Undergrad: 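Got a structure here, written out as structure tokens. Questions coming.
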Amino acid sequence: MMRIELIKRPQHSALFSALSPIIALVLTLVFGAILFALLGRNPVTAMYIYFVSPLTQVWQIHELAVKAAPLILIAVGLAVCYRSNNWNIGAEGQLTMGAIAGSILPVLVPEYQGVFLLPLMLIMGMAGGALYAAIPALLKVRFNTNEILSSLMLVYVAQLFLDWVVRGPWRDPQGYNFPQTIQFSDAAILPELFPASGRASWAFVFAIVAALIVWFLMAKTLKGFEVKVIGQSPRAGRFAGFSTGRMVLFAFMVSGALAGLAGISEVSATINQLQPVISPGYGFTAIIVAFLGRLNPIGIIAAGLVLALSYLGGEAAQAAIGISDKTARVFQGMLLFFVLASDTLIYYRIRLITSRRAAGEAALEHS
Amino acid sequence: MDAEGGNAGEALLDVRGLTKIFGSLRACDGVDLKINRGEIHALLGENGAGKSTFVKMLFGSLEPYSGEIRWKGDKVRITSPGEARRLGIGMVFQHFSLFDALTAAENIALSLDDGSPIGTIAAKAKALSYSYGLPLDPYSLVGDLSVGERQRIEIIRCLLQTPDLIILDEPTSVLTPQEADKLFETLERLRSEGKSILYISHRLEEVKRMCDGATVLRHGKVVGHCDPRQETAASLARMMVGSEVSAVTRPPVDTKADHSPLLEIRDLSRKAATPFSVPLRAISLSVKAGEVIGIAGVAGNGQGEFFEAVSGEALQDNAGSVRISGKDAGRLSISKRRLLGAAFVPEERLGHGAAPLMSLSENLLLSRYSTDRKAFLGPLGTIRTATIESASERIIKHMDVRMSGKDPEAAALSGGNLQKFIVGRELDRQPSVMVVNQPTWGVDAGAAARIRQALIELARGGSAVLVISQDLDELFEISDYVAVMHDGAMSQPFAIAEATFEKIGLLMGGAAPEQAHPVGEIA
């Protein structure tokens, strides 16, 4: 009898740290191909349509940037959270609240179109996301509430609040009863980078800048060190004199602010008004982006582009070969699954064990 | 008594050439060992010499790479602890495996697979415990018991399975001297019944006193079999370490120098934070410049809680209850206390004193970013990696920290080497107050001597040093004064010249100071 065993490595493997996202991507592609074959499509054609065809024209590259921007922004903030061992699952809700807060001026004071309008909208969006993220953070610090549950549940609260806002008080009176606000004025719309060739907006620039700043913070400063120490061993963090409570608040508010920025950028640049649904689940997909990028902001830029491609591929596959665009979700789910599974290889190595050895080692685990 | 019993000449256990390899390390390398019936056999060796690996193979927790085990004359393969128990080998572990929230009887029942009702087990355990002079209330909650009492549960649990060989791993490291005496009586009783004992320890005096034979391991190899009664503690130590261990020298306190108190603890009390932690009861203590005060006590009598309160990891209600360098520090964070000149070394190395997955230089920053802010941090709180790395190399050199590679993760170092780094990290800034919890726990003799000498030198250089330790030999070696902690309270410190093992032992066991004080009347 043979069996597979995981042996803890004395020191984590730098090689597999770098390799694990690639292994995960390859496994996702292999199983994706099997999935297409089972659906009765030629896997080669399907994979081409899914992963290559969305990248063949310039305007499509723009679309990739449009989809990647919110993913990168949110994932970079989540990386700070997850590195500090705070499990913010509610970025989708913080995105929604950021979008609502950032829309206050263009919806309620549409006549104000000054030069400060956009900066104010962005700041209010970030503030909205940060304050909404502060709720699960404060609950955790004060009452030791599980932040995974509270932040997740607050997503639904935020989404229903948005639904109520656009159907109720903020509904466009001239909108034929559609649940939406008035269109933003031009001054309230985030400009496109190269309007001649496609839709990519400044949101993508924000995403890259945010990634670089957070990379610097995490790699080069005492604050980043504090985040990592508290995340790895809270007791050593306390010994160092770092406050875990303040770190919970800091991490949640940074990631909430970036999710809020993603929300208001998306509404301002892409949708130009508030609707009942403003995001195809960016806040959740960003969790996958954060892990695929190894919680490293530079890796997250690459991972954000990969996940953005899965959205575009889903749309392309629906149009070209009639597969539901829900396959995008399937791909994303498989990717997260394989990323987390491949991460095991960083701390463990695999050994095949014959039955004779197995008995002795198994006993060790019980002692 | 005739130790050979009925099967004269035939050993109960005869191990030949037992070898275990982990990666490139030969943890046990051709170990031979023989135990007769009714023999107490010592297994001696420093930390990392291969003692634990060896007994794990005997107990079926690890599988040998090569070599053979003969049990009562037959060659056996011990594939699991269950198999070891069936053969008649029982083991009492150094770190207990008991559930705090269950009763003693329930804990015992968990390890027996015979499914008898709890009442029967409790009655059997109680009868057995009294017959061996280890009285035990089977219905008491483990969480409420002292460490010595918990060990009794482990021993009774082991004896219920009527083993022929009992393996005891460092059994006295958690006991007061009086509790240890009690244990020795039990062991002698077991020997007289013809049972054999494999006794693992690094305490040479008790090995000399109790054991009929000894096997000494060094770097996985047997360096000698001997009769410990024929050896001196010094000759046994030489066999274990392989060279002469340099003795720690403690020069007398300079009476002319300034002896103002640098660390003062006044009426420090603290409520128990969790159901299983110990409340502190009105502790007062003053540590003066130039002296080392040692705090003795059995583990779990509030030392950890005391350390946290002094270090500032837990704040006090009253600012005056901890004073550092003449300033009230009770409400100050650990960083602010460090800025007043204090340095701290906690008991746990990995996960408390050091972050396991961070490099040594990052772990240097961990405790020094506030005191060395100017040197280690640049504008915007950027980390000056090069400066920190060279400081880290200086400490590594000064403390003779052995490691592989440049700037490895803390978890990759052996316990002793990491401890040298963690102590060296604090010594490097010449703190005026140093508080250390278990400075040499699990550290090999050479490294321990180095750490102890460094602490004495720090004190003689004008600092106040407070050492919390369970190792009485260590406290006698380095302290000028000793105080004893029991159940969250602390005795008055007394000069080391007036201290004896008996006196400290009585205080450790909870005797009132007045009973312990007149040394002459005891024993």
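Bear in mind the structure is a predicted one, so any value in this text is a computation, not a measurement. Naming convention: chains lettered A, B, ... in sequence-line order (proteins, then strands); numbering from 1 in each chain.
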Undergrad: Applying salt bridge (Lys or Arg N to Asp or Glu O under 4.0 Å) as the test, list every pair that has at least one member in residues 229-242 of chain A; sequence neighbours left out.
TA: A:R235-B:E308, A:R238-B:E308
Undergrad: Heavy-atom pairs under 4.5 Å with chain A are the metric here; pick the option from B:P346, B:A354, B:S367 that has the most.
TA: B:P346
Undergrad: For chain B, which residues from residues 289-304 of chain A lie under 4.5 Å away (heavy-atom distances)?
TA: none
Undergrad: Which atoms of B:R368 come close to chain A, meaning under 4.5 Å heavy atom to heavy atom: side chain ones, backbone ones, both, or neither?
TA: neither
Undergrad: Taking side chain as everything from C-beta outward and backbone as N, CA, C, O, which of these in B:T382 sits under 4.5 Å from a heavy atom of chain A? Side chain, backbone, both or neither.
TA: both
Undergrad: Could you look at A:F216 and say if it's the side chain, the backbone, both or neither that has a heavy atom under 4.5 Å from chain B?
TA: side chain
Undergrad: Would a 4.5 Å heavy-atom cut-off, applied to side chains only, mark A:T221 and B:L377 as touching?
TA: no
Undergrad: So for B:I334, is it side chain, backbone, both, or neither that comes closer than 4.5 Å to the heavy atoms of chain A?
TA: side chain
Undergrad: Taking atom CD1 of A:I4 as the centre, does the number of heavy atoms from other residues, nucleotides or ligands within less than 6.0 Å exceed 12?
TA: no
Undergrad: Heavy-atom distance under 4.5 Å to chain A: side chain of B:R349, backbone, both or neither?
TA: neither
Undergrad: What distance do A:L222 atom CG and B:L380 atom CG have between them, rounded to the nearest 0.5 Å?
TA: 12.0 Å
Undergrad: Run the side-chain contact (heavy atoms from CB on, under 4.5 Å) test against B:V55 and tell me which residues pass, sequence neighbours left out.
TA: B:L43, B:M91, B:I167, B:L198, B:I200
Undergrad: When heavy-atom pairs shorter than 4.5 Å are enumerated against chain A, which of B:L357, B:L350, B:T385 gives the highest number?
TA: B:L357
Undergrad: With chain B, which of A:A240, A:G224, A:A219 has the greatest number of heavy-atom pairs at distances under 4.5 Å?
TA: A:A240
Undergrad: Can you sort out the partners of A:K228 under side-chain contact (heavy atoms from CB on, under 4.5 Å), two or more places apart, ordered by chain and number?
TA: A:R83, A:M218, B:M358, B:E362
Undergrad: Would you say that more than 12 heavy atoms from the other residues, nucleotides or ligands in this model lie under 6.0 Å from the CH2 of A:W87, or not?
TA: yes
Undergrad: In Å, rounded to the nearest 0.5 Å, how long is the span from CD1 of B:I383 to CZ of A:F225?
TA: 6.5 Å
Undergrad: Is the gap between the ring centers of B:F307 and A:F239 under 6.0 Å?
TA: no
Undergrad: What residue, out of B:R384, B:R338, B:E83, has the most heavy-atom pairs lying under 4.5 Å from chain A?
TA: B:R338
Undergrad: Measure distances from B:I78 to the heavy atoms of chain A and classify the residue's part below 4.5 Å as side chain, backbone, both or neither.
TA: neither
Undergrad: Relative to chain B, which of A:A236, A:S233, A:G241 shows the most heavy atom pairs under 4.5 Å?
TA: A:A236
Undergrad: Select one option (side chain, backbone, both, neither) describing which atoms of B:F344 are under 4.5 Å from chain A's heavy atoms.
TA: both
